[in-house]
Amino acid sequence: MNEKLTKPYDPKETEGRIYKMWEKSGFFNPDNLPERHQLGKPFVIVMPPPNANGDLHAGHSLFITLEDIFTRYYRMKGYRALWIPGADHAGFETQVVYEKQLEKEGRSRFNMEPEDLYREILDFTLANKSNMERQVREMGASCDWSREKFTLDADVVAEVQRTFKKMYDDGLIYRGLRIINWCPKHQTSLSDVETVSEEQRTPFYYFKYGPFEIGTTRPETKFGDKYVTMHPDDVRYKDYQHGQKILLEWINGPVEATVIKDEANDMEMGTGVMTITPYHSQVDFEIAERHNLDGEQIIDWRGRLLPIAGELAGMKIGDAREKIVDKLRSKALVTRVDENYTNVVKKCYKCNTVIEPQVKEQWFVKMKPLAELAIAALDKKELTFIPDHQEKVFRYWMENSIDWNISRQIVWGIPIPAWLCDDCGTSHVELDIAATPKCSKCDKAMRRDADTFDTWFSSGQWPLLVTNYPDGQDFGTYYPTDIMETGHDLVFKWVPRMVIFGLYLSKRVPFHTVYMHGLVNDAQGRKMSKSKGNVISPSQLTDKFGTDALRMALVIGNTPGTDLALSEDKVKGQKHFANKLWNIARFVLDNSAEETAKPRSITPGDEAILKNLRAAVESITAHMDNNRFYLAAEEIYHYIWHEFADKIIEEMKPRLREGDSASPGGSAEDRVDNRQSAQYTLRVILETSVKLLHPFMPFVTEEIWQILREGKSLLMVEPWPQS
RNA sequence: GCGCGGUUAGCUCAGUGGUAGAGCAUUCCGUUGACAUCGGAAAGGCCGUAGGUUCGAUCCCUACACCGCGCACCA
């Protein structure tokens, strides 16, 4: 028995050793690949940089597996395969994680100097970054660590700031006083994709407002309301003229209200009449803009009422609601209350705090012209989606894009290279940090904008940044990349931004194919969550069953874009498969030690078996080329176990024994030929099988290859089998 | 309200215009050398409902039902 093929297969003993061997070979870097590859084309995948703020979860394992399969397959096919890893500082996300830690320690970021907070989060992130990198290695990722980038690397920061300046100069970024999503807990604005909408039941109040009855769900914002609006075509109110003034009694005394006719009013909604609060509502703000109306802030940044609320000033808005209704009731201004009303509120996607719309000066990206670039690329078929129905979602977002707020009031991020004048509000974009510009209007010294960029602003440029746009050698060689593999939840968050920045900055799409995977759910198909206690940790699974087993379990039966139910049994089954292959290898080696060269003759039966093998190779290769890894994996599994092991090996056993023969009438020489044909055939099938399986189960296949070739070559760079 | 996806074996999921597939689970049988992390066999499905197209539909079209997800300025 071959002494290296101990039984059973031991992933723990093997994986670390094999990974070190791969890394030492230098072949993760395509520039070091053998000559065969240097003649090939590049094949490039950019890794969605994992957040450097915690452990890898099952979703990470899935994307690492898929991207590694791509990379290993194309590397074996002779491409200069490059998979560029990264780490994301994950601005707001990480700051939220860190703030939770501060809270536990009884501290708060609002009592800290920004520099100290930044330094603490940096230490925290760097510690997590190396943890994350170790876990990516453990998954067997054959990415080029020499090209790894962190989203806060100095060159990244500088390039992102240059992009901001360029967009500003091109009129694609402006500073505007607009309605933004404000999280009162985290004290920052958020983009629309950083909020979640939730349905809630809330009373719908009807108040007497002069001659009108108005409807609202937010009485607490109504103090300053002095415009009453209705649809211009609403016959019920045809006697009131646009601009008409009406004196009426309101919360804190008499008010002179102005009638505004605007089409934003829904005649079906409530009474068709409402008052507007431009500073705390998107619709109201837009109506005010259209008619050039004024407004004022009613709720402060902490979510408390401002002095306009009179005796209720300083009260949290949640507590103030009933008080205001009581007050209106005492003035006989409440007409009725509908208790069974449901509406939708936006919440902070991290802390679930209700978002307060606020008016604030921020930097915005003008999305329409950029989105049009993306739509054009789609129309020209420069971009394809797997599964293809994701294209519709992408297109919808591009056709309905709204300007993107990129200012965040947090320290953990890339500083916005801008200066502001506190006196007159003038802003100035300046890349030179040492500069201390003066206001062009009032000549006063300007203040550095303390805000940082939304992380999507930098990660949107990721394919460019990791290839060292615009002057780096990699940009010339490896950009545009080939495939962007990421979760389908990012189809309208990250993907469009990469497409847009790619088209805007480099005039080319950053990748031609978007491959989207689904969520990894628990065995019953339920979303994993800490509160449900059904989170499956990948490290536990790999500890128990080996990395190869987890990888295979994540791929088999997992169609692109579809969520996956991951069960321990499934992984266990694949551990059995790895062991099966291991035992096959031992059997073949034990029975073919004497001769591996092509024998004098191959029996017709063996020819048929090899022909069948070639058919399997052809079919599997077709699946790989069509990005149908789930089918390829299943077919390899089936071939190895139920064809190779169950049938071929079993049928060959008699032929392999000394002094035995499948053709008893033959001479001793015939019997040797027959045995050698069998040995050769087994060996060919084993080597081919191991190659086919390598992208999926890299560790066990490489280990077997090392034993087969006595350490003289690496399976990782072997040619993919020909059919 | 709009959009997207799903509905196939007990479970998790593939798949195809021409008699339905895998893994796991179940039942029965089988262990002297590759492997019990095994082998052999069996059982199990009017492919969500109703129409339509077709010689033929689980597959294509329409409607509906249910499940999941996403979006939304409904005061």
Side-chain angles (χ1 to χ4, degrees), chain A residues 1-2 5 7-9 179 192-193 195-197 199 202 204-206 214-218 221-222 225 229-230 264-266 268-277 280-287 341-344 346 357 387 389-397 400 402 488-489 491-493 518-519 521-527 545-546 549 552-553 556-559 561-591 628 630-631 633-635 637-638 641-642 645-647 649-650 653 656-657 682 686:
Chain A
M1 182 181 291
N2 192 299
L5 286 154
K7 61 178 185 176
Y9 170 62
I179 281 269
D192 288 82
V193 296
T195 64
V196 288
S197 298
E199 224 172 53
T202 187
F204 190 88
Y205 302 93
Y206 290 92
I214 61 159
T216 184
T217 53
R218 298 202 65 190
T221 65
K222 297 280 143 199
D225 287 10
T229 74
M230 62 217 66
N265 274 72
D266 182 351
E268 309 289 314
M269 183 78 198
T271 57
V273 184
M274 63 179 182
T275 60
I276 60 167
T277 312
H280 301 288
S281 154
Q282 177 79 33
V283 199
D284 296 5
F285 183 79
E286 284 167 13
I287 292 173
Y341 185 75
T342 52
N343 74 343
V344 176
K346 280 188 179 182
H389 65 77
Q390 291 290 351
E391 184 186 319
K392 288 186 216 164
V393 183
F394 180 91
R395 186 181 285 274
Y396 176 86
W397 275 84
N400 295 280
I402 55 173
H488 64 49
D489 51 327
V491 66
F492 56 85
K493 293 178 180 155
L519 262 44
N521 292 326
D522 76 359
Q524 282 78 45
R526 295 171 311 180
K527 201 167 181 168
F545 305 112
M552 195 69 170
I556 285 195
N558 185 9
T559 38
T562 306
D563 295 349
L564 171 80
L566 179 64
S567 66
E568 203 172 295
D569 273 349
K570 204 169 170 186
V571 185
K572 190 166 85 182
Q574 295 304 327
K575 179 192 166 76
H576 295 175
F577 177 56
N579 194 55
K580 184 77 183 179
L581 180 68
W582 188 251
N583 285 312
I584 290 170
R586 179 167 56 239
F587 178 84
V588 172
L589 270 178
D590 286 349
N591 287 286
R628 290 197 285 247
Y630 58 106
L631 292 180
E634 199 173 316
E635 200 168 329
Y637 176 96
H638 202 266
W641 199 316
H642 301 301
D646 290 351
K647 297 202 179 91
I649 286 181
E650 290 307 321
K653 274 179 179 172
L656 295 165
R657 290 192 192 112
L682 286 179
L686 176 62

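Chain letters run A, B, ... following the sequence lines, proteins first, then strands; residues in each count from 1.
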[X] side-chain proximity, nearest of [options]:
X: A:W397; options: B:C71, B:C13, B:A34; answer: B:C71
X: A:E650; options: B:U37, B:C35, B:C71; answer: B:C35
X: A:D646; options: B:G39, B:C4, B:G15; answer: B:G39
X: A:W641; options: B:U37, B:C35, B:G39; answer: B:G39
X: A:M269; options: B:A34, B:C74, B:C4; answer: B:C74
X: A:K575; options: B:U37, B:A34, B:A14; answer: B:U37

Between [N] and [X], is there an OP1 or OP2 to side-chain N/O distance shorter than 4.0 Å?
X: A:K580; N: B:G39; result: yes
X: A:K653; N: B:A34; result: yes
X: A:Y630; N: B:A22; result: no
X: A:H638; N: B:A22; result: no

Once you round it to whole Å, what is the distance between [atom2] of [N] and [atom1] of [X]?
X: A:N343; N: B:C71; atom1: CG; atom2: P; answer: 17 Å
X: A:F545; N: B:C24; atom1: CZ; atom2: C1'; answer: 13 Å
X: A:R586; N: B:C38; atom1: CZ; atom2: P; answer: 14 Å
X: A:L519; N: B:C4; atom1: CG; atom2: C1'; answer: 15 Å
X: A:K527; N: B:G70; atom1: NZ; atom2: C1'; answer: 10 Å
X: A:N400; N: B:C4; atom1: CG; atom2: C1'; answer: 15 Å
X: A:N265; N: B:C74; atom1: CG; atom2: C1'; answer: 11 Å
X: A:K570; N: B:G23; atom1: NZ; atom2: P; answer: 13 Å

In whole Å, measure the gap between the [atom1] atoms of [N] and [M] for me.
N: B:A14; M: B:A36; atom1: P; result: 33 Å
N: B:C47; M: B:U58; atom1: C1'; result: 4 Å
N: B:C35; M: B:U31; atom1: C1'; result: 12 Å
N: B:G39; M: B:A25; atom1: P; result: 12 Å
N: B:U54; M: B:A72; atom1: P; result: 44 Å
N: B:A9; M: B:G21; atom1: P; result: 14 Å
N: B:C67; M: B:A42; atom1: C1'; result: 34 Å
N: B:G23; M: B:U19; atom1: C1'; result: 24 Å

By the 4.0 Å heavy-atom rule, please label [X] as base, sugar-phosphate, or nothing.
X: A:F492; answer: sugar-phosphate
X: A:V491; answer: nothing
X: A:T217; answer: sugar-phosphate
X: A:S281; answer: nothing
X: A:G272; answer: base
X: A:Y9; answer: nothing
X: A:G215; answer: base
X: A:I276; answer: nothing
X: A:V344; answer: base
X: A:T559; answer: sugar-phosphate
X: A:W582; answer: nothing
X: A:H642; answer: sugar-phosphate
X: A:A645; answer: base

Now, which nucleotide makes the Watson-Crick or G-U wobble pair with [N], with each of the two distances under 3.5 Å?
N: B:U19; result: none
N: B:U58; result: none
N: B:G39; result: B:C29
N: B:A14; result: none
N: B:C71; result: B:G1
N: B:C66; result: B:G6
N: B:C47; result: none

> So A:Q282 and A:I402, side-chain contact (heavy atoms from CB on, under 4.5 Å) or not? Walk me through it.
Replying inline: CA-CA 12 Å; A:Q282 177 79 33; A:I402 55 173; over 6 Å; no

> So does A:K572 pair up with A:E568, basic N to acidic O under 4.0 Å?
Replying inline: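 Salt bridge: no.
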
> Got a salt bridge between A:D192 and A:K346, using NZ or NE/NH1/NH2 to carboxylate O under 4.0 Å?
Replying inline: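 Salt bridge: yes.
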
>> Heavy-atom nearest nucleotide on RNA chain B for A:T216 versus A:K392: which residue maps closer to 5'?
In response: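 Nearest-nucleotide comparison on RNA chain B picks A:K392.
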
>> Go nucleotide by nucleotide along RNA chain B from the 5' end; which of A:N558 and A:D569 gets its closest nucleotide reached first?
In response: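 Counting from the 5' end, the first nearest nucleotide belongs to A:N558.
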
> Can A:D284 and A:M274 be said to form a side-chain contact (heavy atoms from CB on, under 4.5 Å), step by step?
Replying inline: CA-CA 10 Å; A:D284 296 5; A:M274 63 179 182; 4.1 Å; yes

> Which atom pair, heavy atoms only, marks the closest approach of A:P357 to A:S281?
Replying inline: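 Closest heavy-atom pair between A:P357 and A:S281: CB-N, 4.0 Å.
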
> Can you find an N or O donor on one side and an acceptor on the other, under 3.5 Å apart, linking the side chain of A:K346 with the base of B:A72?
Replying inline: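 In this structure, the two groups form no donor-acceptor pair.
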
>> Would you call the rings of A:W641 and A:Y637 parallel, tilted or perpendicular, taking 30° and 60° as the class edges?
In response: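 Taking A:Y637 first and then A:W641, their aromatic rings sit tilted (interplane angle of 30° to 60°).
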
>> For A:W397 and A:F492, take the angle between the two ring planes, folded into 0 to 90°, and tell me which bin it lands in: parallel under 30, tilted 30 to 60, perpendicular over 60.
In response: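 Correct class here is parallel.
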
>> Checking A:N265 against A:T229: is there a side-chain donor and acceptor pair closer than 3.5 Å?
In response: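 A:N265 and A:T229 do have a side-chain donor-acceptor pair below 3.5 Å.
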
> Within 45 degrees of the axis of the six-membered ring of A:F587 and under 6.0 Å from its centre: does A:K653 put its NZ or CZ there?
Replying inline: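 A:K653 over A:F587 ring: yes.
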
>> How about CD on A:Q524, more than 12 heavy atoms from neighbouring residues, nucleotides or ligands closer than 6.0 Å, or not?
In response: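 Yes, because the 6.0 Å sphere around CD of A:Q524 holds more than 12 heavy atoms from other groups.
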
